[in-house]
Participant: 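Below you'll find the structure I mean.
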2 protein chains.
Amino acid sequence: MGGSVKNRLKVLRAERDWSQQDLAQRLEVSRQSVNAIEKGRYDPSLPLAFKIADIFGLAIEDIFSRD
Amino acid sequence: MGGSVKNRLKVLRAERDWSQQDLAQRLEVSRQSVNAIEKGRYDPSLPLAFKIADIFGLAIEDIFSRD
DNA sequence: CCTTTTTGGAAAGTTTGCTTGACATTTGCA
DNA sequence: TGCAAATGTCAAGCAAACTTTCCAAAAAGG
């Protein structure tokens, strides 16, 4: 059904007071993609995971984890 | 055209004396996928990147890097 | 209340990851 | 030399990641 990795996006966004839209713009992806990934409807690609890690200043493993 | 992340798969395989086939079996993906990823023809999915990291006992960032 | 922002998600289309199957070339080694 | 294992790549097809457009509901803040 959905993605196979968990993520901490909601909390990380909240800590920075970023809306899904804000994050989407920084990532240069659509807001729907951010929403879908955050809700676990599907997994981000590896390049996108790198970009997300970059923007939050964390390692991929600190944001995503295998379920 | 191709994938956007670099990888150290060839060296990591060599250190363990694993063929692409050996690695493919451990990852439960096709040999062609391992070859394509290793040659940078496309990027692995995030779940597959996690599995690769797991099998080599390294962090994703120690195997793949943003180009 | 009322309005605006934010979030959740459906539908349809494109691109990319991955599959199987096949074949050619290279490498290793008896 | 020669045979086997390993590598590289193509083609066709399915699945997953992403897009845009659109709508509905929740949350936030007057």
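Note: hydrogens, waters and symmetry copies are ignored here, and every other heavy atom, side chains too, is used. As the structure is a prediction and not an experimental result, all values here were calculated from the model. Lettering follows sequence order; numbering is per chain, from 1.
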Participant: Indicate whether OP1 or OP2 belonging to C/dG8 is found under 4.0 Å from a side-chain N or O atom of A/Asn35.
Facilitator: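 So the side chain of A/Asn35 is within the cut-off, an N or O lying under 4.0 Å from OP1 or OP2 of C/dG8.
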
Participant: Take the protein atom CD of B/Gln21 and the nucleotide atom C1' of C/dT27, then report the distance between them rounded to whole Å.
Facilitator: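 From B/Gln21 CD to C/dT27 C1': 17 Å.
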
Participant: Under a 4.5 Å cut-off applied to non-hydrogen side-chain atoms, are A/Leu12 and A/Leu58 in contact?
Facilitator: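 Answer yes - side chains close enough.
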
Participant: Please figure out whether B/Leu46 or A/Asp22 has its closest DNA chain C nucleotide nearer the 5' end.
Facilitator: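 So the residue in question is A/Asp22.
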
Participant: Between A/Glu28 (CD) and D/dA17 (P), how many Å, whole number?
Facilitator: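 In whole Å, D/dA17 P lies 21 Å from A/Glu28 CD.
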
Participant: Could you identify which residues of residues 50-64 of chain A place a heavy atom less than 4.0 Å from some atom of DNA chain C, listed by residue number, or say none?
Facilitator: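 Going residue by residue through residues 50-64 of chain A, none turns out to have a heavy atom under 4.0 Å of DNA chain C.
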
Participant: What is the separation between atom CD on B/Glu38 and atom C1' on D/dG8, rounded to the nearest whole Å?
Facilitator: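 For the pair B/Glu38 CD and D/dG8 C1', the rounded distance is 11 Å.
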
Participant: Specify the separation, in whole Å, of atom CG of B/Leu48 and atom C1' of C/dT19.
Facilitator: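 B/Leu48 atom CG is separated from C/dT19 atom C1' by 13 Å.
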
Participant: What is the minimum heavy-atom distance between B/Asp22 and B/Asp17, and which atoms define it?
Facilitator: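 Closest approach of B/Asp22 to B/Asp17, heavy atoms only: OD2-O, 4.2 Å.
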
Participant: If I take atom OH in residue A/Tyr42 and atom P in nucleotide C/dG17, what distance separates them, rounded to the nearest angstrom?
Facilitator: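 Taking atom P of C/dG17 as the reference, OH of A/Tyr42 is at 14 Å.
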
Participant: DNA chain D: B/Pro47 or B/Trp18, which has the more 5' nearest nucleotide?
Facilitator: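 Its nucleotide being nearer the 5' end, the pick is B/Trp18.
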
Participant: Hey, does B/Ile60 have a side-chain heavy atom less than 4.5 Å from the side chain of A/Phe64?
Facilitator: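 The answer is no, as the side chains (C-beta and beyond) never meet within the 4.5 Å cut-off.
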
Participant: When you measure from the side-chain N and O atoms of A/Arg41 to the phosphate of D/dA17, is any distance below 4.0 Å, counting only OP1 and OP2?
Facilitator: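 Looking at the OP1 and OP2 atoms of D/dA17, neither is under 4.0 Å from any side-chain N or O of A/Arg41.
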
Participant: Which nucleotide sits closest to the side chain of B/Gln20: D/dT7, C/dC18, C/dG8?
Facilitator: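 Nearest nucleotide to the side chain: D/dT7.
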
Participant: Tell me the interatomic distance from A/Arg16, atom CZ, to C/dT6, atom P, rounded to whole angstroms.
Facilitator: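 It is 18 Å, rounded to the nearest whole Å.
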
Participant: I need the minimum non-hydrogen distance between A/Pro44 and B/Leu46, along with the two atoms involved.
Facilitator: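 Nearest pair, atom of A/Pro44 first, then B/Leu46: O-CB, 3.4 Å.
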
Participant: How would you summarise protein contacts on nucleotides 21-30 of chain D per nucleotide, using B for base, S for sugar-phosphate only and - for none, with heavy-atom distances below 4.0 Å?
Facilitator: BB--------

Participant: When the distance from CZ of B/Arg13 to P of D/dA5 is rounded to whole Å, what number comes out?
Facilitator: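 Going from B/Arg13 (CZ) to D/dA5 (P), I get 17 Å.
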
Participant: With no hydrogens and no angle check, is any side-chain donor or acceptor of B/Gln21 less than 3.5 Å from a backbone partner on B/Arg31?
Facilitator: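 Here the side-chain-to-backbone pair does not exist.
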
Participant: Does B/Arg41 use its side chain to pair, donor to acceptor, with the backbone of B/Ile37 at less than 3.5 Å?
Facilitator: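 No; judged by distance alone, with no hydrogens or angles, the pair does not exist.
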
Participant: State whether a side-chain donor-acceptor pair under 3.5 Å links B/Ser4 with B/Asp43.
Facilitator: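 On atom types as modelled, these side chains qualify, holding a pair under 3.5 Å.
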
Participant: In whole Å, what is the span from the CG atom of B/Asp43 to the C1' atom of C/dT15?
Facilitator: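 Taking CG of B/Asp43 and C1' of C/dT15, I get 13 Å after rounding.
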
Participant: Just to be sure I understand the rule, does B/Ser19 reach a base, reach only the sugar-phosphate, or reach nothing, if contact means heavy atoms closer than 4.0 Å?
Facilitator: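 It contacts sugar-phosphate atoms only.
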
Participant: Within this structure, what is the CG-CG distance for the pair A/Asp62 and A/Asn7, rounded to the nearest 0.5 Å?
Facilitator: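 Result: 13.0 Å between the selected atoms.
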
Participant: Have a look at A/Phe56 and tell me which of A/Arg16, A/Lys51, A/Glu15 forms a side chain to side chain contact (heavy atoms under 4.5 Å, CB included) with it.
Facilitator: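 Exactly one candidate clears the test, A/Arg16.
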
Participant: More 5' along DNA chain D: A/Ile37 or B/Lys39, using each one's nearest nucleotide?
Facilitator: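 Between the two, 5'-proximity favours B/Lys39.
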
Participant: On the nucleotide D/dA16, are OP1 or OP2 found under 4.0 Å from the side-chain N or O atoms that B/Ser45 carries?
Facilitator: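 No, no such contact exists.
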
Participant: So, OP1 or OP2 of C/dT19: does either fall under 4.0 Å of a side-chain N or O from B/Ser30?
Facilitator: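 Affirmative; the distance criterion is met.
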
Participant: Below 4.0 angstrom, N of the basic side chain to O of the carboxylate: do A/Arg66 and B/Asp54 qualify?
Facilitator: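 Looking at A/Arg66 and B/Asp54, the cut-off is met.
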
